[in-house]
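Written below as structure tokens is the structure these notes are about.
The chains referred to below are lettered A, B, ... by the order of the sequence lines, with proteins before strands, and numbering in each begins at 1. Values below: all heavy atoms of this structure, side chains included; hydrogens, waters and symmetry mates excluded.
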Amino acid sequence: MDTLSKLTILADAAKYDASCASSGTTRRNSVSGGLGSTESAGICHSYAPDGRCISLLKILLTNFCMFDCAYCVNRVSSNVRRARFSVEEVVNLTLDFYRRNYIEGLFLSSGIIRSPDATMEMMAEVARALREDHGFRGYIHLKTIPEADPDLIARAGRYADRLSINIELPSGESLAQLAPEKSLPKIRNSMGFLRERIEGAKEERRVIRSAPRFSPAGQSTQLIVGADDARDAAILQTGAQLYSNYRLKRVYYSAFSPIPDASARLPLSAAPLVREHRLYQADWLLRFYDFSLTEITGAMKDGMFDPAIDPKLAWALANRAYFPVDINRAPKEMLLRIPGIGVRAVKRILAARRFGALRLEDVKKLTTSIKKVMPFISTPDFSPGALTDDAKLPAKLKPRQLDLFA
Amino acid sequence: MTLRLEPPEDGDLAAWWRLALGARAAGLRPDQVIWQAPETADLFAAPVTVVPSPLLPSPVAPDEALIPLSEAATHLIETVVLHSSETRFALAYRLLDRLAARPALIGNPADPDIRRAQGLAKAVHRDMHKMKAFVRFRSVATPQGERFIAWFEPDHHILEATAPFFRRRFAAMHWAILTPRKSAFWDGKTLSFGLGARREDAPTEDAMETAWTAYYAAIFNPARLKPDAMRAEMPKKYWRNLPEAKLIPGLIETAAARTGEMIASGPTTPNRRIVPYQPQTKTRPS
Ligand code: SF4
């Protein structure tokens, strides 16, 4: 089979992984030799018609796999066409794409062939060849196989900018049912191991500048939404635990999407993309807005997000005693709680109000929807009066038509 | 008294500073200066005195001792100068004047000049970012070795400011980025700028584009069609210079049918015997 046909099969098999980040690693360039650079922000070199950023060459080394994860197109019991890249083919594709400015680097994942160790070893070899034989300074993300030997995982971490282990299902029971060869304790073990090595390497480099790096952009994972019957609250809780236990850089939520050659153990329909969208919004509230998990889940109904309103607005509607917030006097924490006002708008409010009181007109310029903001704020020239506590407020703020995510 | 100053060449920040600081040293207030190239001068406007730039006091470097500008202020002014708006020089010169007198002003997004400057700066930064993203090199074999050439059409005067990014990233390659206004060249040692070019001056194909477009088609998930989200980040104006973009209409058109087929075909049963996975037995103690 030629490289082009392999590329088609092995990119097709890789598209169910949502991660495409290429930021947050060490700054490098090739002025003193080699090829490539990484700067503070990652770059999306293209966008597919699914709206997703294309930043990395995202492929599988092979889609042959010994495991039988029901949600996966590569599972051993699927009849999909199989292909297998050589190490050299992946290296050359990465370099050829990179030189033409198509990509920031490589995201390599793989089905498990021969054994978890043999597979992990080949993946690490791709990264090693890129770094050592070709002086590649671009971004490398390697999927880690939790069943592989820790020494091999450690090897991968020396060459990669990021490692990830996809947990995919939010509970041990679902995992046992849908991915029988995988084990939650093993996944957690490996995540713990990665955390230790990542933090250890950072610590060491603080003392010894030349100490080796280890996955400097940290580790991430993915959870599938809608492949099992886990509710939004349970998924969000798993995500929150992963952040705090393993210091993950990112948890990706991926709405279950129908695959060719589906397994009878799975729903045949796609999970609504709005679920995934609400989970990302809630995830942001946890990480950048100082919300606690219980605050968010407390505003849910039966552990599910309201598809019609975002989780911040849902919280505000359920906690109206905190509002209206005085734009000119409230502390930062309270400004962050106003629906329709984001982190950047809060920064600008804090900066601008040192020059004089902000009026409703000024707030209007900081938001895309003043209608959503008004019930929750007051300014010298505006007070929402009874609107804040109006029983009909939720209905008034619900969009008449669901957005494109529905 | 109103003076007409000939604006510096687009993208040339050093020339801008020489002019602006010269004008300041000459005591010119923002309302006394009109930034206008001779060929665009309005013949019917009130008569103005034209000051050829060499007559301004000797060139001064943007020296902190002369004008106490913060790094953020310098950066904002420079970014405004790179915008293609006709009023960019007037705004930049006014900002220079106001920020020198009141450095704290830069933190006030409610000020109309600051807000306008931030708006222009945002557009310039976006343009620079999109240039880093959407430049597509095409490889050409020459007797001297492989050369990489790209054609790009920026909205603003950002080529000079963005070229160093490509130098850092592709230092070992010999490359050229051609744009209508100017072109950038890197020969492995020096970054230089030359005349503008035309689309036809760049190569029209590259052998790797077959693989790249195949990748683009394969990585797209038809079950998640969201063309508006794509267009928001990759507006149509860029498509003509992106080899993968010619696939977009077809991918969008067939997406629903492909998804429907996946669902309609239902679950499948394996067409060969499946050997259950047996974990390897570790020989080493863990
Ligand atoms: S181990 Fe990975 S590639 Fe193999 S079936 Fe499971 S999810 Fe798919």
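For A/G51 against B/A229, the heavy-atom pair with the smallest separation is CA-CB, 3.9 Å.
Open room surrounds NZ on A/K347; 12 or fewer heavy atoms of other groups in view lie less than 6.0 Å from it. Under a cut-off of 6.0 angstrom, the local environment of CZ in B/R115 is crowded, with over 12 non-hydrogen atoms contributed by other residues, nucleotides or ligands. Heavy-atom neighbours of B/K246 NZ from other residues, nucleotides or ligands within 6.0 Å: above the threshold of 12.
In this pair, B/W212 and A/F97 present their aromatic rings perpendicular. The plane angle is above 60°, beyond the 30 to 60° band.
B/M208 touches chain A through backbone and side chain together, each having a heavy atom under 4.5 Å away. Of the atoms belonging to B/R231, not a single heavy atom falls under 4.5 Å from chain A. Both the backbone and the side chain of A/L57 have a heavy atom closer than 4.5 Å to some heavy atom of chain B. Of the atoms belonging to A/L4, it is side-chain heavy atoms, and not backbone ones, that fall under 4.5 Å from chain B. Only the backbone of A/S78 has a heavy atom closer than 4.5 Å to any heavy atom of chain B. Of the atoms belonging to A/A255, heavy atoms from both backbone and side chain fall under 4.5 Å from chain B. With a threshold of 4.5 angstrom between heavy atoms, B/F166 approaches chain A through side-chain atoms but not through N, CA, C or O.
The residue among B/L251, B/I248, B/D206 with the most heavy atom pairs within less than 4.5 Å of chain A is B/D206. Ranked by heavy-atom pairs under 4.5 Å with chain B, the first of A/S32, A/A48, A/G34, A/A41 is A/A48. In terms of heavy-atom pairs under 4.5 Å with chain A, the best-connected choice from B/A255, B/G107, B/S139 is B/G107. Between chain A and the options B/G188, B/P222, B/A104, heavy-atom pairs under 4.5 Å are most frequent for B/A104. When each of A/E181, A/R75, A/R354 is checked for heavy-atom pairs under 4.5 Å with chain B, A/E181 comes out on top. Between chain B and the options A/R28, A/R353, A/K365, A/E361, the largest number of non-hydrogen pairs under 4.5 Å is found for A/K365. Considering only heavy-atom pairs separated by less than 4.5 Å from chain B, the leading option among A/I112, A/T8, A/V76 is A/V76.
A donor-acceptor pair under 3.5 Å links the side-chain atoms of A/K15 to the main chain of B/F220, judged by distance alone. At distances below 3.5 Å, not a single donor-acceptor pair connects side-chain atoms of B/N108 with backbone N or O atoms of A/A352.
Remark: A/Y102 OH to B/L242 CG distance equals 10.5 Å, nearest 0.5 Å. Residue A/Y47 holds its OH atom at 11.0 Å from OH of B/Y216, rounded to the nearest 0.5 Å. From A/I54, atom CD1 reaches atom CD1 of B/I219 across 7.0 Å, with rounding to the nearest 0.5 Å. In this structure, the separation between CD1 on B/I177 and CG on A/N101 is 8.0 Å, given to the nearest 0.5 Å. In this structure, CG in B/L105 is found 6.5 Å from CZ in A/F355, a value given to the nearest 0.5 Å. Within the model, atoms CD of B/E244 and NE2 of A/H45 stand 11.0 Å from one another, a figure rounded to the nearest 0.5 Å.
Under the 4.5 Å side-chain criterion, counting only non-hydrogen atoms from C-beta, B/F170 is not in contact with A/S30. Taking 4.5 Å as the limit, every side-chain heavy atom of B/R167 sits out of range of all side-chain heavy atoms of A/N29. Taking 4.5 Å as the limit, every side-chain heavy atom of B/E233 sits out of range of all side-chain heavy atoms of A/C44. With a 4.5 Å cut-off on side-chain heavy atoms, A/R52 and B/R224 count as touching. Between A/C53 and B/M234, the closest side-chain pair of non-hydrogen atoms is not below 4.5 Å. Two residues are said to be in side-chain contact when any heavy atoms from C-beta on lie closer than 4.5 Å; B/M230 and A/S46 fail this criterion. At a threshold of 4.5 Å between non-hydrogen side-chain atoms, the residues B/F165 and A/I43 count as touching. The shortest side-chain heavy-atom distance between A/L93 and B/Y215 does not fall under the 4.5 Å cut-off.
Look at B/E209 and A/R100 and you find no salt bridge, because none of the NZ, NE, NH1 or NH2 atoms lies under 4.0 Å from a carboxylate O.
B/R169 and A/Y98 share a donor-acceptor pair across their side chains, judged by distance under 3.5 Å alone.
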From CA spacing to verdict: salt bridge (Lys or Arg N to Asp or Glu O under 4.0 Å), A/R99, B/E146:
CA-CA 11 Å; A/R99 287 196 192 100; B/E146 197 175 15; 5.6 Å; no
